[in-house]
Amino acid sequence: MSHLPEFLRPLILSGPSGVGKSTLLQRLFAEFPDKFGFSVSHTTRAPRPGEQDGKQYHFVTREKFLALRQEGAFIESAEFSGNFYGTSFQTVREVQDKGRRCILDIEAQGVRQIKATDLNPIYCFISPPSLTSLRERLRARGTETEASIQKRLATALNEIQYAKEPHVHNFVIVNDDLDRAYQLFKQIALGEAVSGDKLPPLDD
Ligand SMILES: Nc1ncnc2c1ncn2[C@@H]1O[C@H](COP(=O)(O)OP(=O)(O)OP(=O)(O)O)[C@@H](O)[C@H]1O
């Protein structure tokens, strides 16, 4: 997988919950419906109403998941609230076989695991302008309880700590103004030569 044309190298998007990853991705997929593909993860959690196998997730049993993991099928995997989640090499290949660039939304632990593989992606970190703005966005989204917001903020600190280590990410995008952040994200996704933003101090 390491000799792909630059545009087909997978693009790993990471950043704290609520920073705007889904918002940026939705815009990109809407503007370029044929250029990009999102990797469909495997999970052992039960499908929610309306979810289809192979679309939002590949839904598998615990036994099947563990067997796949044993075989080395996953680029990265993790357990959250009692369920396993993983990204398989196969799903990334399926996107690439269609001539599309595969975009993966991965949390910090997964990024560490991917660094140990030969996937050879581009790493892009989406940063909030400040921790205060991240807290406000999570509240304004209205999808989380206060306890869940606190949990996400604690995890956000880990994401940010990791992003501060040298050479973890190829690009940083500060999602301050959404239109500005999207323009930069689009250029990076299209493989254009840009330098990206600087990581803010994020110590507020
Ligand atoms: N630049 C911005 N300025 C203000 N609000 C924004 C900006 N970008 C995104 N938002 C809003 O912030 C909230 C969180 O965004 P989004 O759901 O895309 O985050 P996420 O990183 O995908 O989170 P998760 O990892 O939890 O899915 C949404 O309500 C979104 O509309």
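These values consider heavy atoms only, across backbone and side chains, with no hydrogens, waters or symmetry-generated copies. For ligands, and for the atoms within them, numbers begin at 1 and follow the listed sequence.
- Using 4.0 Å as the threshold, Asp176 has a heavy atom nearer than that to some atom of ligand 1.
- Proximity annotation for atom 25 (O) of ligand 1: of Glu136, Lys21, Arg152, Arg180, Lys21 comes nearest, heavy atoms only.
- Not counting sequence neighbours, the partners of His58 by the ring-ring contact (aromatic ring centres under 6.0 Å, His included) test are His42.
- Heavy-atom separations between Gly18 and ligand 1 include at least one value shorter than 4.0 Å.
- Comparing heavy-atom distances from atom 1 (N) of ligand 1 across Leu25, Val19, Thr143, Asn175 singles out Asn175 as nearest.
- Heavy-atom contacts from other residues, nucleotides or ligands closer than 6.0 Å to CD of Glu146 number more than 12.
- For Pro16, every heavy-atom contact with ligand 1 shorter than 4.0 Å involves the backbone, none the side chain.
- Between Asp177 and ligand 1, a contact under 3.5 Å exists for no N or O pair.
- In this structure, the protein non-hydrogen atom closest to atom 28 (C) of ligand 1 is Arg141 CD, 4.0 Å.
- Neither side chain, Tyr57 nor Gln52, offers a donor N or O lying under 3.5 Å from an acceptor on the other.
- Ranking protein heavy atoms by distance to atom 19 (O) of ligand 1, first place goes to Gly20 N, 3.1 Å.
- A search for ring-ring contact (aromatic ring centres under 6.0 Å, His included) contacts involving Phe185 returns nothing, not counting sequence neighbours.
- The 12-atom threshold is not exceeded at NZ of Lys35, counting heavy atoms of other residues, nucleotides or ligands nearer than 6.0 Å.
- Counting only heavy atoms of the protein, atom 31 (O) of ligand 1 lies nearest to Thr23 OG1, 4.2 Å.
- Other residues, nucleotides and ligands contribute at most 12 non-hydrogen atoms within 6.0 Å of the NZ atom of Lys151.
- Arg152 has no carboxylate O lying under 4.0 Å from a charged side-chain N of Glu159, or vice versa, which leaves the two without a salt bridge.
- Classification of the Phe29-Phe36 ring pair by plane angle, with boundaries at 30° and 60°, yields perpendicular.
- Residue, atom and distance of the protein heavy atom nearest to atom 22 (O) of ligand 1 are Ser22 OG, 2.5 Å.
- Ion pairing of Arg112 with Glu76 is absent here, as no side-chain N (NZ or NE/NH1/NH2) approaches a carboxylate O to less than 4.0 Å.
- Remark: minimum distance from atom 10 (N) of ligand 1 to any protein heavy atom is reached at Arg137 CD, 3.8 Å.
- Residue contacts with ligand 1 for Asp105 are absent, since no atom lies close enough (heavy atoms, distance under 4.0 Å).
- For atom 26 (O) of ligand 1, the closest non-hydrogen atom on the protein side is Ser17 OG, 2.6 Å.
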